[in-house]
There are 2 protein chains.
Amino acid sequence: MSPEKRLAPYGDYSLQAAAERILTRHRDHIRTQKPHVAVAKLSKILEATLKLSNRQGFQAMSLRDLAEAAGLSMGGLYSYFDGKETLLVMILGEVSSAAETLLEAAPDDVRADPVAHLEWLIAMHVLLSEAMQPFFVFAYMEAKSFPAPARKRAIASEAATEAIFARVLAEGVARGVFKVDDPDFAAALIKPLLQDWYVKRPKYAKRGVSAEAYAAGVSDFILKALGAR
Amino acid sequence: MSPEKRLAPYGDYSLQAAAERILTRHRDHIRTQKPHVAVAKLSKILEATLKLSNRQGFQAMSLRDLAEAAGLSMGGLYSYFDGKETLLVMILGEVSSAAETLLEAAPDDVRADPVAHLEWLIAMHVLLSEAMQPFFVFAYMEAKSFPAPARKRAIASEAATEAIFARVLAEGVARGVFKVDDPDFAAALIKPLLQDWYVKRPKYAKRGVSAEAYAAGVSDFILKALGAR
DNA sequence: TGAAAAAACGAGCGAGCGCTCGATTTATTA
DNA sequence: TAATAAATCGAGCGCTCGCTCGTTTTTTCA
């Protein structure tokens with residue numbers, strides 16, 4: 001099993017694949033005609049944006065620095081987006097789209113068992129945020145500077161994720177597998193544990209904790225807190 | 001028992017008190033002579049900085065907007081700091097100083113029992129971050145744009161907090177109260193649960209969860225995960 | 001009350017920002 | 001290979017930024 005396969009079981013989360021999806025989503029605002037040219041340059045732009053933004057913040061990243069890092073001129077950049085804010089929206093859209101698609105994709109046999117379902121959700125979230133780490137860090141750190149509609153969507157997306165967890169927890173409580181007073185509150189506590197993986201990545205890297213090990217450790221911690229172990 | 005007393009048992013966490021401590025810490029760089037004038041204006045500056053920064057980010061806050069919000073002129077601001085970055089460092093210093101001081105102040109009878117000590121640490125962290133919420137949000141959100149020395153200190157401060165939790169956990173394991181394979185890993189998972197309180201405050205406010213209720217809920221969740229309940 | 005000290009003012013500075021657009025290079029095709 | 005289309009270039013525009021400093025207002029106290 002290849003590492004990519006293992007880390008991102010459902011879908012292709014490479015930069016190129018992301019660039020292709022973004023190109024499709026914003027085709028009418030991107031002036032460059034030939035898809036292979038557009039995808040290649042867009043990949044470079046995304047890579048450079050994530051690198052510069054995650055170091056100093058999106059706001060502090062100048063388009064001149066971005067142009068140089070991406071190997072384009074100032075004017076060249078504007079063939080791929082119509083303003084700095086659009087670049088932000090492109091990346092955010094890719095993150096929430098990937099998360100929403102993946103977390104709803106649990107196989108039926110997994111859904112059948114609340115414990116298995118919960119473990120699956122945790123593992124998938126950790127592995128997805130591992131495969132798309134710079135994207136997730138970006139979306140998390142820049143959330144407050146999103147334009148209003150994008151911020152609303154981000155909040156809704158986060159609430160939807162939490163609702164998925166809450167549903168699984170409630171189901172487990174109904175079946176007597178989980179012993180929890182307030183499933184909604186417990187669901188609210190799961191999200192920050194998942195976010196810590198990509199937000200504080202250097203900490204875990206320094207300790208040699210892999211994505212799989214983190215997912216297993218967090219699963220164990222949460223299941224014990226839910227009275228399932 | 002007054003709410004302030006209940007929420008912040010050790011020390012005064014009002015804006016004025018913070019301004020006084022900051023004035024003491026930066027006396028030689030603040031041009032205004034009379035302490036009561038300096039503290040009053042500094043309070044206004046702090047309040048306005050936290051308000052504007054936590055809405056749009058420190059970098060995006062202009063000093064012209066800050067001056068207006070604080071009731072001073074552009075030139076007037078520079079009697080209180082020698083540059084925008086110093087303002088950031090002032091606030092960061094106040095946060096880490098408050099956290100370090102408080103968390104080391106556990107009474108002996110609390111320290112004697114790992115469960116009580118852990119509960120005390122959780123409650124104090126939640127209540128402190130409640131009393132100084134805008135400060136904590138600021139420090140958390142702007143961490144990546146700190147100047148290098150301040151960032152190092154912030155990371156060290158976070159590691160120190162985690163080490164306190166790890167020590168209590170190890171002690172509990174040694175006494176057979178906690179059943180945990182890896183106390184360091186478990187300690188790493190506690191921090192994000194404490195941070196969620198102030199980072200995602202609107203979420204909990206909407207649900208009517210008070211600081212005390214959050215501290216109790218998180219304590220319960222963690223103690224169950226540690227096998228102590 | 002009036003002169004000295006303290007505090008606050010705000011127009012103006014150089015720099016860097018996002019963004020534009022006519023000129024130029026590169027790729028395509030008859 | 002010449003003509004056309006596609007892609008890229010980068011100096012320049014208007015604007016806002018952090019910051020300065022000579023001036024004005026306020027406070028202090030003999």
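So you know, we letter chains A, B, ... as the sequences are listed, proteins then strands, and number each from 1. Since the model is a prediction, treat every value here as computed from it, not as a measurement.
Each of Gln33(A) and Gln59(B) has a nearest nucleotide on DNA chain D; the 5'-most of these lies closest to Gln33(A).
Among the protein residues, Phe81(B) comes within range of no part of the nucleic acid, since none of its heavy atoms lies under 4.0 Å from any strand.
If you take CD of Glu68(B) and C1' of dA8(C), they are 16 Å apart, rounded to a whole angstrom. Here the P atom of nucleotide dA7(D) and the NZ atom of Lys34(A) are 7 Å apart, to the nearest Å. Across the protein-nucleic acid pair, Phe58(B) atom CZ and dC17(D) atom C1' stand 13 Å apart, rounded to whole Å. Following rounding to the nearest Å, His36(B) (NE2) and dA6(C) (C1') show an atom-to-atom distance of 12 Å. Between the CG atom of Leu87(A) and the P atom of dC17(C) there is a distance of 16 Å, given to the nearest Å. Across the protein-nucleic acid pair, Tyr78(B) atom OH and dA6(C) atom C1' stand 21 Å apart, rounded to whole Å. To the nearest angstrom, P of dC21(D) lies 10 Å from CZ of Arg31(B). At whole-Å resolution of the value, CE in Met74(B) and C1' in dT16(D) are 11 Å apart.
A sub-4.0 Å separation between OP1 or OP2 of dG10(C) and a side-chain N or O of Ser73(B) is absent. The side chain of Ser79(B) contributes no N or O atom lying less than 4.0 Å from OP1 or OP2 of dA7(C).
With hydrogens and angles ignored, a donor-acceptor pair closer than 3.5 Å exists between the side chain of Arg64(B) and the base of dG18(D).
Taking the screw axis at each terminus of the helix from dT1(C)-dA30(D) to dA30(C)-dT1(D) from five consecutive base pairs, the angle between the two is 0° to within rounding of 10 degrees.
A side-chain donor from one of Lys200(B) and Gln195(A) sits under 3.5 Å from a side-chain acceptor of the other.
Listed candidates were dG10(C), dA7(D), dG18(C). Nearest to the side chain of Thr32(A) is dA7(D). Of the candidate nucleotides dT8(D), dA11(D), dA8(C), dA8(C) has the atom nearest to the side chain of Lys41(B). Nearest to the side-chain atoms of Leu72(B) among the listed nucleotides dG18(D), dG18(C), dC9(C) stands dC9(C). For Tyr80(B), taking side-chain heavy atoms from C-beta onward, the closest of the listed nucleotides dC17(C), dA6(D), dA8(C) is dA8(C).
Between Lys203(B) and Asp196(B) a salt bridge is recorded (basic side-chain N to carboxylate O distance below 4.0 Å). Taking 4.0 Å as the cut-off between side-chain N and carboxylate O, Glu162(A) and Arg207(B) count as a salt-bridged pair. Glu68(A) has no carboxylate O lying under 4.0 Å from a charged side-chain N of Lys44(A), or vice versa, which leaves the two without a salt bridge.
Between Lys84(A) and Met61(A), the closest side-chain pair of non-hydrogen atoms falls below 4.5 Å. A heavy-atom distance below 4.5 Å is found between the side chains of Ile190(B) and Leu118(B).
Residue Lys51(A) qualifies as open at atom NZ: its count of foreign heavy atoms under 6.0 Å is 12 or below.
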